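Everything numeric here is computed off the predicted structure, so don't read it as measured data. In what follows, every chain begins at residue 1, and chains take the letters A, B, ... in the order their sequences are listed.
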Protein chains: 2
Amino acid sequence: MSVRIDETDRKILVELQRDASQSLDEIAARVGSSKTPVWNRIRKLKGAGIIGQQTVLLDAEALGFEATFFVLIRTSEHEAEWQKHFLKALRDRPEVQEAHRLAGDIDYILKVRVKNARAYDAFYQALISEVRVYNVTALLSMEEIKSTTMLPLDALAEN
Amino acid sequence: MSVRIDETDRKILVELQRDASQSLDEIAARVGSSKTPVWNRIRKLKGAGIIGQQTVLLDAEALGFEATFFVLIRTSEHEAEWQKHFLKALRDRPEVQEAHRLAGDIDYILKVRVKNARAYDAFYQALISEVRVYNVTALLSMEEIKSTTMLPLDALAEN
DNA sequence: CCTGAAAACTTACTAGG
DNA sequence: CCTAGTAAGTTTTCAGG
């Protein structure tokens, strides 16, 4: 479960986050090591689950996903059965890119990516017909100022 | 700018989103084509900017990022100068993973990933000392129910 | 935990239908 | 737009310090 991440591991993770298509030689050069040790460390980090999915980020707008909504949900239901059903509904809907259970006043927040406002409405109608929710506020994004999957690993540098 | 995405392109994008470490042969087999055409299409899609960064997703919790906040910001400032400054501050802070300008009542939403509540407070203090904002609400995530970067490309299947 | 080398595989490109 | 072929590059494994 717990793997000690040393400075070299951290640098490797920084490089892989930045550009996972680099060759081992490139990564090794950047982190000041060589091929085999870097390969062994990456294997260890994958095995430990620190390194997960390798993916490409696509241009959502160019592909016709022109609307992003953040959805704030309040519910009066707090039974286990209801929650199980609700979480499954979220996981099964591919337009839900993120879903978090929150502390406090608002119970859940979703990030929903759809083609347009009409597609959002279809999503919303389907969701509320599937599970009872008390109050829903949709926030429409006008502009994506920043979007990154990179963790700020610099924050770990002094460990 | 605009590239026509056909059914084969769409399937290639689905595969690359799912697992970008697959070889051309694997992808070709899955989409029902062969190496060279797939290679040419990927090159075209990269050139057009449809395919962007290739990255790995890391286990944030295992790396000690135990707190995620969604931050709702209202501001009274709407001058170009203020906005430019604010956007730069967001882009420069690595703990801000997402930032959107919104329509309506709330002006901005951020997703902020930090080690703990103390680190969030440090971020918050730094931000409000740099730019004037009228009202800030922080929503603390208790549980990440779902998190994906994958676009629901199935929605494009019938085009 | 490292270096260095070798085998297997993959990518990037070309020629030709 | 495809199939087939190939040279260069890359990953993966392993022997040895």
Side-chain angles (χ1 to χ4, degrees), chain A residues 1-59 62-64 149-150 153-154 156-159, chain B residues 1-59 62-64 149-150 153-154 156-159:
Chain A
M1 197 73 219
S2 87
V3 178
R4 229 185 49 251
I5 303 293
D6 70 10
E7 192 53 21
T8 303
D9 290 329
R10 195 184 64 75
K11 287 182 184 162
I12 291 170
L13 295 175
V14 168
E15 285 306 317
L16 286 175
Q17 284 199 107
R18 201 176 57 72
D19 179 4
S21 74
Q22 292 173 95
S23 73
L24 281 174
D25 274 331
E26 280 178 285
I27 296 169
R30 285 180 195 278
V31 308
S33 182
S34 57
K35 235 163 37 170
T36 308
V38 170
W39 190 82
N40 285 325
R41 283 161 181 273
I42 290 175
R43 163 194 271 250
K44 174 195 74 183
L45 292 163
K46 284 184 175 158
I50 306 279
I51 297 176
Q53 193 186 18
Q54 182 164 335
T55 191
V56 293
L57 304 181
L58 304 181
D59 182 333
L63 289 165
T149 60
M150 288 170 68
L153 297 174
D154 307 4
L156 309 174
E158 54 278 0
N159 293 1
Chain B
M1 199 73 217
S2 87
V3 177
R4 228 184 52 251
I5 303 292
D6 70 10
E7 191 53 20
T8 303
D9 290 330
R10 196 185 63 76
K11 286 183 186 163
I12 291 169
L13 295 176
V14 168
E15 284 306 317
L16 287 176
Q17 284 199 106
R18 201 177 56 74
D19 179 5
S21 74
Q22 292 174 94
S23 72
L24 281 174
D25 273 330
E26 280 179 286
I27 297 168
R30 285 180 194 278
V31 307
S33 180
S34 57
K35 236 164 37 168
T36 309
V38 170
W39 188 80
N40 284 323
R41 283 160 182 273
I42 290 174
R43 162 196 269 251
K44 174 195 73 185
L45 292 163
K46 283 185 177 160
I50 306 279
I51 297 176
Q53 193 187 17
Q54 182 164 334
T55 190
V56 293
L57 304 183
L58 304 181
D59 182 333
L63 289 164
T149 59
M150 290 170 65
L153 298 173
D154 307 4
L156 308 174
E158 54 279 359
N159 293 2

### Message
Give the residues of residues 13-25 of chain A touching DNA chain C, defined as any heavy atom closer than 4.0 Å, sorted by residue number.
### Response
none

### Query
Quick one: how far along DNA chain C does chain A reach, first to last nucleotide 5' to 3', anything under 4.0 Å to a heavy atom?
dC2(C) to dG4(C)

### Task
Check whether any side-chain heavy atom of Ile42(A) sits under 4.5 Å from a side-chain heavy atom of Leu16(A), and report yes or no.
yes

### Query
Which atom names give the shortest non-hydrogen contact between Leu153(B) and Leu58(A), and what distance separates them?
CD1-CD1, 4.0 Å

### Query
Phosphate oxygens OP1/OP2 of dC1(D): is one of them under 4.0 Å from a side-chain N or O of Arg41(B)?
no

### Query
Tell me: CD1 of Ile42(A) to P of dT10(D), nearest whole Å?
14 Å

### Summary
When every non-hydrogen atom of Ile50(A) is compared with those of Ala62(B), the smallest separation belongs to CD1-CB, 3.7 Å

### Task
Respond yes when some side-chain nitrogen or oxygen of Trp39(A) is under 4.0 Å from OP1 or OP2 of dT11(D), and no when none is.
no

### Query
So how far is it from Leu45(A) CG to Ile5(A) CD1, rounded to the nearest 0.5 Å?
5.0 Å

#### Entry: Under 3.5 Å donor-acceptor, Glu26(B) side chain and Ser21(B) backbone
no

### Gln53(A) side-chain N/O to Asp19(B) backbone N/O, donor-acceptor pair under 3.5 Å
no

#### Entry: Step-by-step side-chain contact (heavy atoms from CB on, under 4.5 Å) determination, Leu63(A) to Leu13(B)
CA-CA 11 Å; Leu63(A) 289 165; Leu13(B) 295 176; 3.9 Å; yes

### Message
Contact between Asp25(A) and Lys35(A) at the side-chain level, heavy atoms closer than 4.5 Å - yes or no?
### Response
yes

When you compare the protein's N or O atoms with those of nucleotides 3-5 of chain D, which come within less than 3.5 Å of each other, and at what distance?
from	atom 1	to	atom 2	distance (Å)
dT3(D)	OP2	Ser34(B)	OG	2.3
dA4(D)	N6	Thr36(B)	OG1	2.9

### Beyond-backbone contact of Arg41(B) with Asp6(B), side-chain heavy atoms, under 4.5 angstrom
yes

### Task
Check whether any side-chain heavy atom of Lys44(B) sits under 4.5 Å from a side-chain heavy atom of Asp9(B), and report yes or no.
yes

